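What you are looking at is a predicted structure, and each value in this text was computed from that prediction instead of being measured. Letters go in sequence order (proteins before strands), and every chain restarts at 1.
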Protein chains: 2
Amino acid sequence: MKKNSVNAVHHLVDTYPKVPLTVDCVIFGFEESKLKVLLIKSDLAFFQGKLSLLGDFVKNNEDLDDAAYRILKERTGMNNVFLDQVKVFGKPDRHPGGRVITIAYCSLLNIQHHALNIHENELDWYDYDAIKELAFDHKEIVDECYAWLQKRIQEHPLGFNLLPDKFSLRELQNLYEAILGVTMDRRNFRKKFASMDLLIDTNEMEQDVSHRPGKLYQFNFNKYEKKKRKWIGIDF
Amino acid sequence: MKKNSVNAVHHLVDTYPKVPLTVDCVIFGFEESKLKVLLIKSDLAFFQGKLSLLGDFVKNNEDLDDAAYRILKERTGMNNVFLDQVKVFGKPDRHPGGRVITIAYCSLLNIQHHALNIHENELDWYDYDAIKELAFDHKEIVDECYAWLQKRIQEHPLGFNLLPDKFSLRELQNLYEAILGVTMDRRNFRKKFASMDLLIDTNEMEQDVSHRPGKLYQFNFNKYEKKKRKWIGIDF
DNA sequence: CTAACTTTGTATCCTAACGACGCATTTGCC
DNA sequence: GGCAAATGCGTCGTTAGGATACAAAGTTAG
């Protein structure tokens with residue numbers, strides 16, 4: 001009875017058109033006050049020379065998020081990094097080899113933490129601003145993820161994933177300025193984050209700076225809980 | 001040369017695992033101060049009796065957004081409605097008939113506009129609050145879309161898609177209160193929208209209300225342009 | 001060593017937005 | 001006409017955000 005309906009469903013599903021499914025990871029980093037993206041030389045001869053995102057097909061019984069984490073782990077050796085689904089790209093002609101749907105994931109990681117096995121894989125960091133053209137529709141994907149990041153970083157403490165464990169307020173501000181493409185007043189920025197009460201003063205100071213060193217802080221992930229938006233968040 | 005590389009790519013793509021791909025539409029409506037969702041009795045015997053979202057598989061050469069628009073058109077007869085991609089759901093076991101990936105789209109539409117062909121299709125509106133269980137993982141999908149809507153409606157003028165062309169400020173406030181699950185001060189709400197200068201006074205009044213009628217307004221889509229967020233949008 | 005320079009860190013002032021609330025006005029209903 | 005219910009307008013106090021002043025700490029050039 002039940003088994004019959006399951007069989008019927010299986011038959012139905014078998015009649016569906018099927019498409020290959022991939023995951024592409026837009027991996028952002030931050031160094032020298034610049035937003036970076038991790039890219040690799042495309043492995044397709046068709047795109048000879050062009051750069052592309054890190055991606056792979058989704059395995060048969062693999063969850064989508066797991067696929068994205070797997071790619072990150074395989075390519076960078078990193079575990080436990082921030083990762084979030086952003087959007088699906090599925091134009092019928094986006095892949096030269098036939099239709100391929102891809103799910104874009106955005107990831108943020110601390111460059112210092114994984115300076116490893118970069119070059120052996122033809123993998124490297126590129127300034128986001130300098131990216132002109134990529135293989136497939138990857139330029140479009142990167143841009144969507146960047147827009148997503150700009151928006152998200154203002155309402156959620158993601159930025160800290162891009163910084164070292166301990167950072168100065170100036171580094172934090174440089175991060176925000178680089179991502180949002182604006183300049184802000186140093187003192188108001190400080191005031192803002194001080195009032196949020198989410199930074200831990202480590203009682204350590206910057207080293208190797210050629211001017212007055214600033215205090216180093218850590219982000220207090222424990223203390224953070226999503227603020228309940230007051231209704232008057234209505235703002236458009 | 002080029003043809004060779006194209007052939008090679010085709011062969012590569014052919015080796016990818018393939019999955020059926022569907023689109024599911026979460027269609028919100030608003031009536032009697034309540035947020036509604038358009039649901040249909042599942043066409044699978046497996047889910048006998050349970051309700052499900054409006055969905056269909058994506059055709060071979062069909063763009064994803066087009067598929068979502070097609071479903072809306074087919075099922076509701078509506079064109080030109082608001083529609084946006086929200087998230088992909090791809091747990092390997094989310095469909096009883098085998099793996100099926102689905103892309104959730106969120107749509108908002110004015111119930112008055114399409115009171116048509118509802119019942120002939122076993123299609124009907126249900127209070128969002130009363131939805132307890134749905135076929136597949138559709139409950140989870142609806143909830144994600146609802147969360148998406150709550151967030152989105154505060155920063156983008158979507159709500160007007162759920163209202164008649166002409167509406168009173170009370171109706172507008174009821175909409176926001178229903179979706180955000182809060183109560184707001186009537187006078188501040190009025191002040192807020194007045195200051196935004198996006199409502200056109202139609203010089204008409206409500207009809208058929210059992211108390212003092214309010215003015216009717218229209219939303220001025222032309223005048224709206226996305227506000228540039230001041231940096232200090234940082235708020236978490 | 002000292003003066004000039006750079007950057008950090010704290011405090012103050014002003015304005016605009018927001019939340020709370022008072023109240024007169026307009027309609028329906030008895 | 002009087003009451004209830006909702007609309008429409010205004011005011012007041014608080015607060016967050018932007019601009020600016022200035023002292024403190026450390027580096028570099030003479």
Original post:
Is the shortest side-chain N to carboxylate O distance from A:Lys91 to B:Asp63 below 4.0 Å?
Top reply: no

Original post:
D:dT7 P sits how many Å from B:Asn174 CG, rounded?
Top reply: 9 Å

**OP:** Please round to the nearest 0.5 Å and tell me the distance separating atom CG of A:Asp165 and atom CD1 of A:Ile200.
**Re:** 11.0 Å

Subject >> Options C:dC29, D:dC9, D:dG17, nucleotide nearest the side-chain atoms of B:Arg187 >> reply: D:dC9

Original post:
Does B:Arg212 make a side-chain N or O approach to OP1 or OP2 of C:dG28 shorter than 4.0 Å?
Top reply: no

**OP:** With DNA chain C as reference, determine whether A:Met205 or B:Pro213 sits nearer its 5' end, using the nearest nucleotide of each.
**Re:** A:Met205

Original post:
Taking atom P of D:dA21 as reference, at what distance in whole Å does atom CG of A:Asp185 sit?
Top reply: 12 Å

Original post:
Tell me: CZ of B:Arg186 to C1' of C:dC18, nearest whole Å?
Top reply: 17 Å

Original post:
In whole Å, what is the span from the CG atom of B:Asn188 to the P atom of C:dG19?
Top reply: 7 Å

Subject >> 5' precedence on DNA chain D between B:Lys191 and B:His211 (nearest-nucleotide basis) >> reply: B:His211

Original post:
Is A:Arg170 touching bases, backbone alone, or none of the nucleic acid, heavy atoms closer than 4.0 Å?
Top reply: sugar-phosphate

Original post:
B:Leu172 CG to D:dG8 P: how many Å, rounded?
Top reply: 13 Å

Original post:
Can A:Tyr105 and A:Asp65 be counted as having a side-chain donor-acceptor contact under 3.5 angstrom?
Top reply: yes

Original post:
Which residue pairs pass the side chain to side chain donor-acceptor pair (under 3.5 Å) test with at least one member in residues 197-207 of chain B, sequence neighbours excluded?
Top reply: B:Lys166-B:Glu204, B:Ser168-B:Glu206, B:Arg170-B:Glu206, B:Asp197-B:Lys223, B:Asp201-B:Lys215

Subject >> Ionic contact status for A:Asp56 with A:Arg70, cut-off 4.0 Å >> reply: yes

Original post:
OP1 or OP2 of C:dT8 sitting under 4.0 Å from any side-chain N/O of A:Lys215?
Top reply: no

Original post:
Taking CZ from A:Arg190 and C1' from D:dA19, how many angstroms apart are they, rounded to a whole number?
Top reply: 17 Å

Original post:
Within this structure, what is the CG-to-P distance between B:Asp208 and D:dA6, rounded to whole angstrom?
Top reply: 16 Å

Original post:
Nearest-Å distance, NZ (B:Lys192) to P (C:dA16)?
Top reply: 15 Å

